[in-house]
J.: 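Got a structure for you, written out below as structure tokens; questions coming shortly.
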Amino acid sequence: MSESSLTITEFQQSIRDRYYEADAARGIAGTWLWFSEEVGELARSLARDDDHQAKEDEFADVLAWLCTMANVAGVDLAKAVARKHPVNGPLKKPK
């Protein structure tokens, strides 16, 4: 499988396989703090208009920590996304 064909399920499971024990011990509150820090780093990277690779790295970190938080909370992101934002569903205006 190429890197570009990685599914949400595969990535979330990879994060779980590697880090779940430490993530569960940290808990949702501690995980939220790490996630928030990564979102801040992404925001700074975008505001500074960093090079493309730096932005990619920050987006990847945010996604990894989102998967971590979902794992700790017991949420299957692929199922949640498919239910909330179906690929072939009707177009909805943003709120």
Side-chain angles (χ1 to χ4, degrees):
M1 169 186 15
S2 73
E3 291 174 359
S4 63
S5 66
L6 184 67
T7 68
I8 294 170
T9 298
E10 290 167 336
F11 186 63
Q12 186 175 356
Q13 186 62 50
S14 174
I15 294 295
R16 174 182 281 282
D17 292 346
R18 286 193 249 173
Y19 306 114
Y20 185 75
E21 189 174 317
D23 295 340
R26 182 186 320 103
I28 199 71
T31 300
W32 171 257
L33 291 174
W34 278 98
F35 174 75
S36 297
E37 181 178 331
E38 292 300 337
V39 170
E41 289 179 13
L42 172 60
R44 283 187 294 279
S45 181
L46 293 169
R48 290 186 304 246
D49 195 25
D50 287 347
D51 65 72
H52 189 74
Q53 180 66 50
K55 291 177 200 172
E56 283 184 347
D57 290 349
E58 295 305 335
F59 274 105
D61 287 346
V62 168
L63 183 58
W65 280 100
L66 181 63
C67 287
T68 295
M69 204 164 28
N71 285 336
V72 173
V75 172
D76 180 325
L77 282 174
K79 286 182 183 177
V81 168
R83 180 190 54 77
K84 179 76 177 178
H85 301 283
V87 173
N88 295 318
L91 296 178
K92 296 179 183 177
K93 292 182 181 179
K95 293 181 180 180

J.: Which residues pass the side chain to side chain donor-acceptor pair (under 3.5 Å) test with His85, not counting sequence neighbours?
T.: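 Testing His85 for side chain to side chain donor-acceptor pair (under 3.5 Å), a comparison that skips the adjacent residues, returns none.
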J.: Taking side chain to side chain contact (heavy atoms under 4.5 Å, CB included) as the definition, give me every residue that meets it alongside Ala78, ordered by chain and number, with sequence neighbours left out.
T.: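 Scan of Ala78 (side chain to side chain contact (heavy atoms under 4.5 Å, CB included), adjacent residues dropped) gives Ile8, Thr9, Asp76.
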J.: Starting at CG of Asp61, measure out to CG of Leu66 and round the result to the nearest 0.5 Å.
T.: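 The CG atom of Leu66 is 12.5 Å from CG of Asp61, to the nearest 0.5 Å.
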J.: Measure from the side-chain N and O atoms of Gln12 to the backbone N and O of Leu77, and report whether any donor-acceptor pair falls under 3.5 Å.
T.: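 Checking the backbone N and O of Leu77 against the side chain of Gln12, a donor-acceptor pair under 3.5 Å is found.
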J.: Taking all heavy atoms of Ile28 and all of Val72, pick out the closest pair and write down the distance.
T.: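 Distance-wise, the nearest heavy atoms are N-CG1, 3.8 Å.
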J.: Give a yes or no answer on whether the side chain of Ser36 reaches the backbone of Trp32 with a donor-acceptor pair at less than 3.5 Å.
T.: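 At least one qualifying donor-acceptor pair exists.
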J.: What distance separates Glu10 CD from Asp17 CG, expressed to the nearest 0.5 Å?
T.: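 Glu10 atom CD to Asp17 atom CG measures 11.5 Å (nearest 0.5 Å).
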J.: Which is it for Glu37 and Leu33 under the side chain to side chain contact (heavy atoms under 4.5 Å, CB included) test, yes or no, and what are the steps along the way?
T.: CA-CA 6 Å; Glu37 181 178 331; Leu33 291 174; over 6 Å; no
J.: Determine, using the 4.5 Å side-chain heavy-atom cutoff (strictly less than), whether Phe59 and Trp34 are members of one ILVMFWY cluster.
T.: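 Result: yes, single cluster for both.
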J.: Lys55: which residues meet the side chain to side chain donor-acceptor pair (under 3.5 Å) condition with it, sequence neighbours left out?
T.: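 Residues passing side chain to side chain donor-acceptor pair (under 3.5 Å) with Lys55: Asp49.
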J.: Give, for atom CG of Leu42 and atom CG of Asp57, the distance between the pair rounded to the nearest 0.5 Å.
T.: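 Nearest 0.5 Å value for the CG-CG distance: 11.0 Å.
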J.: Walk me through whether Glu58 and Asp50 qualify under side chain to side chain contact (heavy atoms under 4.5 Å, CB included).
T.: CA-CA 10 Å; Glu58 295 305 335; Asp50 287 347; 6.0 Å; no
J.: Any chance you could measure Leu63, atom CG, to Phe11, atom CZ, to the nearest 0.5 Å?
T.: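 Reported value, rounded in 0.5 Å steps: 5.0 Å.
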J.: State whether the side chain of Ser45 and the backbone N or O of Glu41 hold a donor-acceptor pair below 3.5 Å, judged by distance alone.
T.: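 Not at all, since once roles are kept as given, no pair shorter than 3.5 Å links the two residues.
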J.: Between Tyr20 and Ile15, is there shared hydrophobic-cluster membership here, with clusters defined by ILVMFWY side-chain heavy atoms closer than 4.5 Å?
T.: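 No, Tyr20 does not connect to Ile15 through the hydrophobic network.
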J.: Which atoms form the tightest heavy-atom contact between Phe35 and Val62, and what is the distance?
T.: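 Nearest pair, atom of Phe35 first, then Val62: CE1-O, 3.7 Å.
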